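For reference, the structure is listed below as structure tokens.
A quick note: this is a predicted structure, and the numbers were derived from the prediction, not measured. Letters go in sequence order (proteins before strands), and every chain restarts at 1. As a basis for the values below, the full set of heavy atoms in this structure was taken, side chains included, without hydrogen atoms, waters or symmetry mates.
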Number of protein chains: 2
Amino acid sequence: MESKATAPEEITGMAKAPRTDWDPYAGGCPSREVLDRIGDKWTVLVLGELAESGSKRYTALRRKLDGVSEKMLTQTLRALERDGLIRRTVHPEIPPRVEYELTALGTTLREPLVALTNWSTRHMDEVLEARAAYDREKDAAAEG
Amino acid sequence: MESKATAPEEITGMAKAPRTDWDPYAGGCPSREVLDRIGDKWTVLVLGELAESGSKRYTALRRKLDGVSEKMLTQTLRALERDGLIRRTVHPEIPPRVEYELTALGTTLREPLVALTNWSTRHMDEVLEARAAYDREKDAAAEG
DNA sequence: CGGGATCCCGTGGGATACTG
DNA sequence: CAGTATCCCACGGGATCCCG
């Protein structure tokens with residue numbers, strides 16, 4: 001599970017320049033990795049929730065994200081922490097308490113992400129309708 | 001916008017109202033599906049490319065999206081077409097020519113998506129640095 | 001040229017059980 | 001409470017061949 005296999009250095013030395021021209025369309029480009037990470041099942045929801053609530057505990061997140069397993073929540077949180085998007089704070093108490101919140105970097109992701117979730121709720125009706133229309137046409141073609 | 005799809009009743013009754021309060025945090029909510037779709041490996045890149053270029057042929061898309069297989073490109077395009085985000089136009093010629101472009105609905109997705117890809121390229125350096133720092137710490141802890 | 005149909009493998013991710 | 005450790009299956013997704 002622990003592999004630093006694709007160290008950035010080996011990717012054509014891209015990571016040396018201070019200002020770079022990352023191209024997500026190019027295979028192996030780290031900026032594509034970021035899109036992929038955002039793409040995984042829980043990342044957007046975790047970030048969205050932390051953006052809204054400011055700070056949240058592990059269990060509270062688990063309750064909020066309907067259907068997430070402990071494994072996936074932990075895994076997602078770790079990945080986000082590693083990427084510098086969230087901060088994990090352990091309070092040495094009994095019982096233990098762990099708080100998660102966005103970092104400054106993570107906060108910069110807030111706008112695009114909120115825009116995205118807003119889009120998904122705002123245009124859901126149209127998407128649903130488009131699907132129904134597409135399926136109707138397809139079914140009609142299948143019978144003719 | 002004023003479209004009330006007749007379909008969504010089967011979804012646990014949460015879709016009764018025309019103006020709905022889709023909640024991506026709730027399991028089984030269609031708006032979560034949309035986030036999931038955006039999350040798959042090629043969707044964002046396809047939409048981004050069509051947004052930039054206006055219209056593109058199958059093969060041109062294939063060349064642009066480094067590493068995509070025919071199967072995945074086709075599959076992604078079909079899904080996007082079904083969701084009403086892109087339009088597929090077949091020109092009855094020999095050899096065949098097929099053009100893809102954003103629909104009006106798809107265009108509304110452009111802003112949030114562009115914002116997202118911009119973020120990924122703009123903050124790549126910081127993410128990479130955060131990763132390196134995280135790994136260094138972890139390694140140090142492992143040796144002590 | 002623009003796909004559809006198959007085959008097949010890696011891994012994303014859920015269920016369950018255990019620990020500090 | 002907040003995780004880690006396994007097991008295991010479904011499916012995402014690549015490779016290959018074929019077809020109008």
Side-chain angles (χ1 to χ4, degrees), chain A residues 1-3 5-6 27-28 32-46 49-50 55-83 86-101 134 138 141-142, chain B residues 27-28 32-46 49-50 55-82 86-101 134 138 141-142:
Chain A
M1 94 199 235
E2 177 261 306
S3 78
T6 42
R32 182 129 118 195
E33 279 181 41
V34 169
L35 288 181
D36 287 349
R37 175 156 319 297
I38 284 170
D40 73 25
K41 201 171 179 182
W42 303 104
T43 299
V44 173
L45 296 177
V46 167
E49 183 50 28
L50 291 182
S55 166
K56 212 144 199 175
R57 305 182 52 169
Y58 183 87
T59 309
L61 276 173
R62 195 155 146 57
R63 267 193 303 267
K64 179 71 182 185
L65 274 59
D66 191 25
V68 71
S69 65
E70 293 179 7
K71 173 185 165 183
M72 287 318 298
L73 180 54
T74 300
Q75 191 172 298
T76 303
L77 289 168
R78 286 293 173 283
L80 291 176
E81 188 194 1
R82 186 169 108 101
D83 283 358
I86 68 176
R87 176 171 28 254
R88 175 173 181 269
T89 309
V90 181
H91 301 269
E93 308 168 359
I94 294 177
R97 183 163 58 96
V98 180
E99 304 262 8
Y100 293 92
E101 59 190 331
Y134 183 96
K138 198 197 59 184
Chain B
R32 182 129 117 197
E33 282 181 39
V34 170
L35 289 182
D36 287 348
R37 174 156 321 298
I38 285 170
D40 72 25
K41 199 171 179 183
W42 303 103
T43 299
V44 174
L45 295 177
V46 167
E49 181 52 27
L50 291 182
S55 166
K56 213 143 200 178
R57 304 181 55 170
Y58 183 87
T59 309
L61 277 173
R62 245 210 108 176
R63 269 194 301 268
K64 180 71 182 184
L65 274 61
D66 191 24
V68 71
S69 66
E70 294 180 6
K71 173 185 166 184
M72 287 317 297
L73 180 55
T74 300
Q75 190 173 297
T76 303
L77 290 168
R78 286 294 171 282
L80 291 176
E81 188 194 1
R82 186 169 107 101
I86 68 175
R87 176 171 26 255
R88 176 173 180 267
T89 310
V90 181
H91 300 269
E93 308 169 0
I94 294 177
R97 183 164 58 95
V98 180
E99 304 262 9
Y100 293 93
E101 58 189 332
Y134 183 96
K138 198 196 58 182

Which residue lies more 5' along DNA chain D, comparing A:Thr74 with A:Pro96 via nearest heavy atoms: A:Pro96

Below 3.5 Å, does any donor atom in the side chain of A:Lys41 face an acceptor in the base of C:dG13, or the other way round? no

In this structure, CD of B:Glu99 is separated from CD1 of B:Ile86 (nearest 0.5 Å) by 12.0 Å

Among the nucleotides C:dG3, D:dG14, D:dA2, whichever has the atom closest to the side chain of B:Lys71 is D:dG14

Rounding to a whole Å, what distance do you find between A:Trp42:CH2 and C:dG13:C1'? 10 Å

side-chain N/O A:Tyr100 vs D:dG3 OP1/OP2, d < 4.0 Å: yes

Here the distance between atom P of C:dG20 and atom NE2 of A:His91, to the nearest Å, is 22 Å

Check whether any side-chain heavy atom of A:Asp36 lies under 4.5 Å from a side-chain heavy atom of B:Lys41, and answer yes or no. yes

Integer-rounded Å distance: C:dG3 P and B:Glu81 CD: 9 Å

How about B:Thr76 and B:Leu80: do any of their side-chain heavy atoms sit closer than 4.5 Å? yes

Of A:Gly67 and B:Leu77, the one whose closest DNA chain C nucleotide lies more 5': B:Leu77

Round to the nearest Å and state the distance from A:Met72 atom CE to D:dG3 atom C1'. 15 Å

Strictly by modelled atom types, are B:Thr89 and B:Tyr100 linked by a side-chain donor-acceptor pair under 3.5 Å? no

What nucleic acid atoms does A:Arg62 come within less than 4.0 Å of, heavy atoms only: base, sugar-phosphate, or nothing? nothing

For A:Arg57 and D:dA2, is the shortest distance between a side-chain N/O and OP1 or OP2 below 4.0 Å? yes

Between A:Arg78 and D:dG3, is there a side-chain N or O to OP1/OP2 distance below 4.0 Å? yes

Nearest-angstrom distance from the residue atom CD of A:Glu70 to C1' of D:dT4: 10 Å

Can you tell whether the side chains of A:Asp83 and A:Arg37 come within less than 4.0 Å, N to carboxylate O? yes

Just the rounded figure in Å: distance from C1' of C:dG14 to CG of A:Asp40. 15 Å

In whole angstrom, what separates B:Gln75's CD from D:dC11's P? 13 Å

Figure out the CD1/P separation between A:Ile94 and C:dG20, and round it to whole Å. 13 Å

